[in-house]
2 protein chains.
Amino acid sequence: MPADAKPLRADAARNRARILTAGAQVFSERGPAASTEEVANRAGVAIGTVFRHFPTKADLLRAIMKDLLDRLLSDVDGLLRDSAPGDALFAFFTGLVAHAARQKTVVDLLAEAGSGLNVPDAVGRLERSVGSLLEEAQQAGTVRRDVALPEVMALLAAVCQGAVQGGWPPDLQTRTLAVVFTGLTPR
Amino acid sequence: MPADAKPLRADAARNRARILTAGAQVFSERGPAASTEEVANRAGVAIGTVFRHFPTKADLLRAIMKDLLDRLLSDVDGLLRDSAPGDALFAFFTGLVAHAARQKTVVDLLAEAGSGLNVPDAVGRLERSVGSLLEEAQQAGTVRRDVALPEVMALLAAVCQGAVQGGWPPDLQTRTLAVVFTGLTPR
DNA sequence: GGAGAACCTGAGTCAACGCTCATTTTACCG
DNA sequence: CGGTAAAATGAGCGTTGACTCAGGTTCTCC
């Protein structure tokens with residue numbers, strides 16, 4: 001990893017940031033099919049500027065998702081530090097679903113294969129983090145020992161997907177998660 | 001419901017059927033973004049013919065989904081008749097997920113809101129059918145009494161979504177469903 | 001078998017979108 | 001300041017995909 005090759009000019013850095021946040025908004029609302037021009041408009045720059053920073057629409061999406069991923073991973077760290085031992089996994093799960101219900105981009109991240117992009121090792125990094133949450137929960141006796149990482153990741157992705165596409169209201173989110181959590185808890 | 005207004009000419013009926021099955025294939029493989037022209041090619045007709053039968057791409061998608069829905073509902077009837085009492089819900093659940101993993105269209109049906117179409121009362125009809133499965137399962141003591149229809153529908157949609165987007169292999173499907181079923185079963 | 005309506009065909013229209021590039025503007029350094 | 005390279009601009013290109021329509025083909029019914 002070459003530490004960010006060249007320092008950007010002041011205006012360039014500002015515009016890059018604007019494009020990134022505008023893109024996060026637009027793609028969250030309209031899905032990944034939203035046009036690059038709309039991102040440019042919302043960012044208050046010309047289309048050419050967007051393409052100068054991200055030569056391809058896919059590059060733009062990748063960059064946005066990488067930001068999102070970094071934020072999620074630091075959430076996991078915070079949760080491991082702050083939650084009651086064993087509850088961190090459930091807290092992360094709940095938080096991610098609530099977040100996804102408003103930020104479609106989360107779903108695209110989890111569905112990487114579907115979206116055709118590939119954020120460098122996104123699933124790998126997320127998997128490792130969720131893995132540590134799972135392990136901690138199992139050691140604390142909050143989660144059954146015979147469930148493994150793949151199905152936890154699968155459920156995470158599935159429930160986020162569902163929450164987004166179906167526009168679940170908060171109470172449906174909690175009721176659905178209750179079933180899943182019951183399924184994960186030892187009897 | 002005006003009983004199919006006018007009888008189609010022989011060739012028209014044949015082409016309509018061809019377009020419908022070709023469309024089901026194409027949209028299953030490539031997703032709803034696949035081009036209408038590809039459907040026409042696979043059906044062996046000209047584009048104009050597709051648009052004569054379905055004035056809009058959305059109309060075509062709706063028609064395909066209605067077909068699919070009808071088949072699913074008759075599956076439910078069969079299951080209610082043939083399965084061990086109380087197991088029909090689980091059987092339908094498992095079958096639908098396996099089906100979805102190969103037929104993306106199932107997902108679009110469940111995600112109706114997301115796809116922007118609306119098959120006439122699709123969710124309503126499916127909900128009523130799954131509702132009877134649920135009620136039967138609860139009466140048989142196979143499913144907890146404090147879970148309600150909305151979260152069951154939500155889980156159904158979510159797991160199907162996940163299975164499609166993530167391309168879950170069969171064993172991951174069963175392991176994931178195991179967690180969900182445990183969550184639904186009384187302790 | 002023949003008239004006429006229903007149907008099929010496929011080149012073509014139009015709009016949307018990803019992306020380019022010649023020109024102009026702006027930040028930075030001495 | 002003035003010079004220069006980095007950055008921004010936005011009209012425009014090429015492509016793709018939904019949809020149309022004038023003209024040819026096929027079914028149907030007497």
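What's counted below: heavy atoms across the whole structure, side chains too, no hydrogens, waters or symmetry copies. So that the names make sense, note that chain A is the first sequence line, chain B the second, and so on, each numbered from 1.
- Cluster partners of A:Leu8, using a side-chain heavy-atom cutoff of under 4.5 Å among ILVMFWY residues and allowing indirect links: none.
- The stretch residues 10-31 of chain A comes close to DNA chain D through A:Asp11, A:Ala12, A:Asn15, each having a heavy atom under 4.0 Å from the strand.
- Here ring-ring contact (aromatic ring centres under 6.0 Å, His included) pairs that include residues 16-37 of chain A, with residues two or more places apart or in two chains, number zero.
- For DNA chain C, the neighbouring residues in residues 33-42 of chain A, judged by any heavy atom under 4.0 Å, are A:Ala34, A:Ser35, A:Thr36.
- Where B:Thr56 and B:Leu8 each meet DNA chain D at their nearest nucleotide, the meeting point lying more 5' is that of B:Thr56.
- If you walk DNA chain C from 5' to 3' and mark each nucleotide with an atom closer than 4.0 Å to a heavy atom of chain A, the marks span C:dC17 to C:dC28.
- Listed by chain and number, the residues in a salt bridge (charged side-chain N to carboxylate O under 4.0 Å, His left out) with B:Arg14 amount to none (sequence neighbours excluded).
- With hydrogens and angles ignored, the 3.5 Å screen pairs no side-chain donor or acceptor of B:Glu136 with any backbone N or O of B:Pro85.
- The ring-ring contact (aromatic ring centres under 6.0 Å, His included) analysis of residues 134-158 of chain A, with sequence neighbours excluded, yields no pairs.
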Side-chain donor-acceptor distances from residues 47-56 of chain A under 3.5 Å, at least two apart:
none

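- Remark: A:Gly48, A:Thr49, A:Arg52, A:His53 in residues 47-55 of chain A come within less than 4.0 Å of DNA chain D through at least one heavy atom.
- Listed by first then second residue, pairs satisfying salt bridge (charged side-chain N to carboxylate O under 4.0 Å, His left out) with a partner in residues 23-36 of chain A read A:Glu29-A:Arg42, A:Arg30-A:Glu38, not counting sequence neighbours.
- Look at A:Asp171 and A:Arg175 and you find a salt bridge, because one of the NZ, NE, NH1 or NH2 atoms lies within 4.0 Å of a carboxylate O, short of that distance.
- Between the side chain of B:Glu151 and the backbone N or O of A:Ala178, no donor-acceptor pair lies under 3.5 Å.
- Between B:Asp70 and B:Arg125, at least one side-chain N (NZ, or NE/NH1/NH2) sits under 4.0 Å from a carboxylate O, which counts as a salt bridge.
- The ring-ring contact (aromatic ring centres under 6.0 Å, His included) analysis of residues 127-157 of chain B, with sequence neighbours excluded, yields no pairs.
- Screening residues 151-183 of chain A for ring-ring contact (aromatic ring centres under 6.0 Å, His included) gives A:Phe90-A:Phe181, A:Phe93-A:Phe181 as the qualifying pairs, with residues at least two apart or on separate chains.
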